[in-house]
Structures are given as structure tokens and as C-alpha cells.
Amino acid sequence: MRDRELYQRILGIESPWRVSRVELSMEKQRVDIWAEHKASAAFSCPECGESAGLHDHAEERAWRHLDSCQLATYLHARVPRVSCPKHGVRQVAIPWAEARSRFTLMFERFAIDVLKETDVAGGAKILGLTWDEAHHLMQRAVSRGLSRKPKTIPSHLGVDEKAIAKGHKYMTVVSDLDRGTVEHVADGRTEDSLFTYFAPFTLADVARIEAVAMDMWTPFFNTVVRCVPNAHEKIVFDRYHIVAHMNTAVDTVRRAESKTLRANGDETLTGSRYLWLYGEENVPEHRRATFDALKSQSLKTSRAWAIKETLRGLWDCAAIDDAVTYHRSWHYWATHSRLVPVIKVAKMVKTHLPNILSYYVHRVTNAVSEGINSAIQTIKKRAFGYRNPENFKTAIYFHCGGLDLYPAIPSHSVPGW
């Protein structure tokens, strides 16, 4: 009698249900519990909530529960089915698990906590599940979270692509810059990829977008212009990607100059590649003296690096008018540098200047999106990659979606809840 009362309290089972039997198997290292309802119990239709007569019972099912003293614990029951005049025969809702789940609510909540801290394989090992079972729990949590998520569009969006595999395979990631969460993940980085995010919203919904931070990838730009009213005033080309173009130009200059110097037996630039990619404030202390010596020499790479560093100041002006003046001066220097890669970037910056300087209107960058990209890379690395893109998307939403993942537990079901 005591073991039944104990598990009735542990499971939070209340009338009309009760624990009828408990079996312990040390050989199998598991505890099995059976629940049944009172013969006089009344049930309602899960669709409409109206009282309905008992029709029959489904076959006995088992739900995995939290372990009892390291012993795997399973709850067994035959779930009643009712006959509803409106909806026909339906299986009733049970208080310890969600529909079509093989786990109790409390086990699912614990499993979600574990999966948040590890990859699916690690979580499955801790929980004593197969990989498929653990991933199914993750999928259920994501589906639950997405269904609860308000159907609203953020005021400040970030749009970025994420390389997911070799061979130029990408995903498009849309993020909420205010909350720091992933809003949408789509295959590829085409116009259609981004359009799948905007498609479910009305024109009035999309009109509430105040700013979209993104790189200068043409398909993304075209889609935002097509979908967002007054998009030309709302798009902000992100500083990170612009400076990245300049870093590429600096490295191109360095490689060409180093090749020329080495042909003449001069190893000045050998082994200096990564030094030129640092910002002034980020040069490692133990390399600073070496870098200062390099900068002081009359090198094309030194000039390219100085032009790159000066460009970074474009986002530090007091106001947009000051930024226009600053750019004019920088552009003249860059285009008269006689450094072809630098000149190419300077022309690109001038072409896109209106949506670069729109930063001063909206004050948003894609730094949040880049942070999310780093988190996504960690997810990918921890799982040693994903062969199935859909599984990768599930993991991204689970870890970065800011979703309400947990199943709801009735307050009476957990002691002290």
C-alpha cells in the first residue's frame, strides 16, 4: 500500500486516477507503475471539452518517467476513449503526459534541461535514451515553442547567411536584433530563401519593421526591397561585412607584395598575415613591437592597413553629416592609394553609401546576428556536423530560438509546484 501511495504522490496523480500496482525488477533495473481510473469517472471530449460517455479503452501504453533511485521508471495505463456527439470517438487527455508522447511531462522538462547543455548524443547517453528518442524530444519541444510564439514581426531584423557544409551550402538566418533570437532558418541564400520568412505576414505586419541589418548580398537586398515598404530607408548594411571586405583587400595587397619581396630575398612580410587583420586595439601585446616595426616601414601593406583602420572610424562620427564629410576624405585617400584591391572596395562603399550611413538613423548593426552565427557554429561543432539539414534547423531553434520549450505541468501534478 505504501509504495502505491508514494508513487501517487511522486507522480502527482489525482482523482479520478490512482496508482493500482507497482513492480520493482532489480534484474532489469526498472520500476513499473500502473495507473487506472475509477469505474464511475466522467471524462470530457479533448476537442470541445464537453462531457462525453466512455466508449472503450485504448491498448495499454507506457510512458518513461524520471528515474527512481537510478532505476528507469515507467508509468503504464489504458487510456479511455469517449464518444463525443460532435467529434466522434476521441482519446481523452491524461494529466501526466501530452498527446502522442512516450514520456511524462516531468521527464520531458528534465530532458529539455539536459539537451540544452549538450548535444543530442550526449543528452541521450545521460537520459538513457536512443539518439532518435532524444532528438524526438527536441523536435517536440521546438514544435511546442513555435506553436506558442506570437505571430508578430520584430522591429529590428538581422539577416545573415551561415555556411553549413563544404561546397557552398548555406542557410539563411533571420534574427530579432532586440531579443537576440533566431526567428527563421531557410535553406540556401537566395531571394526565395528570405522570402519564406516574409511570406506569412501581411503588408501591415511587415510595414512595422523599422530596420533590417544585413550584408550587401544582392538576393537579400532585392527580397527586402520587394517585401518591406520603404525598404531603401530601412536597410542598414552592416559594418562588420564592410570591414571584412577591406580586410580581404589588405590581405590581397600583402600577398602580392610579399611575393615580390621574397623574389628579391626579402622576408619582411613572411608570417605576418594575421597581424594585418587585427584592429589596432586588438593586436596581441607580445606581437605589438613586431607589428609597430612593420607599420613603420614603407610598405604597400602598411598603407592598405591604415586605410582599413581609418574606414572603421566612419561609424564613430557624431552625426550623419559628419559621416558624409568623413567618408569624402577617406574615399579620396583610398581611391588615390594606387592599391587596386583597396580602390575596388572604396568604389563599392561609395555605391552603397546611403544604406551604410543609414546606421546613423537606426543605430543597429548585425553584431547580434554574428553572435548567433557563432552559437550556431558551436552547435554544429559539438554535434560533429549535421548530415540532415532539418535536424540542424531543429537544433538551431532549440538553442537559439528563445522559445518556450517546456510542456505545461498542472500545478497539482508536482508537489510544491
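Values below: every heavy atom of this structure, side chains too, minus hydrogens, waters and symmetry copies.
- Aromatic ring orientation, Trp276 versus Phe291: perpendicular (interplanar angle above 60°, classes split at 30° and 60°).
- Salt bridge annotation for Arg148-Asp404: present, with a cationic side-chain nitrogen under 4.0 angstrom from a carboxylate oxygen.
- Remark: of the listed residues Gln8, Glu5, Glu36, Glu36 is the sole one forming a side chain to side chain donor-acceptor pair (under 3.5 Å) with Arg18.
- With 3.5 Å as the limit, one finds no donor-acceptor pair spanning the side chains of Asn366 and Asp160.
- At a cut-off of 3.5 Å, with distance as the only test, a side-chain donor of Glu257 or Thr301 sits close to an acceptor on the other residue.
- Between the side chains of Asp205 and Thr202, at least one donor N or O lies within less than 3.5 Å of an accepting N or O.
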**OP:** For Asp187 and Tyr170, run side chain to side chain donor-acceptor pair (under 3.5 Å): C-alpha distance rounded to whole Å, both residues' side-chain angles, the deciding distance at 0.1 Å, then the answer.
**Re:** CA-CA 7 Å; Asp187 294 323; Tyr170 293 90; over 6 Å; no

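- Note that Arg30 lies in the cation-pi zone of Tyr74, set by a 6.0 Å cut-off to the ring centre and a 45° limit from the axis.
- Between the side chains of Glu108 and Ser101, at least one donor N or O sits under 3.5 Å from an acceptor N or O.
- If you check the side chains of His184 and Thr196, you find a donor sitting under 3.5 Å from an acceptor.
- Ring pair His245/His352: centre-to-centre distance not below 6.0 Å.
- Checked for salt-bridge contact, Arg189 and Asp192 miss the test: no charged N lies under 4.0 Å from a carboxylate O.
- A salt bridge links Glu47 to Arg90: one of the charged nitrogens lies within less than 4.0 Å of a carboxylate oxygen.
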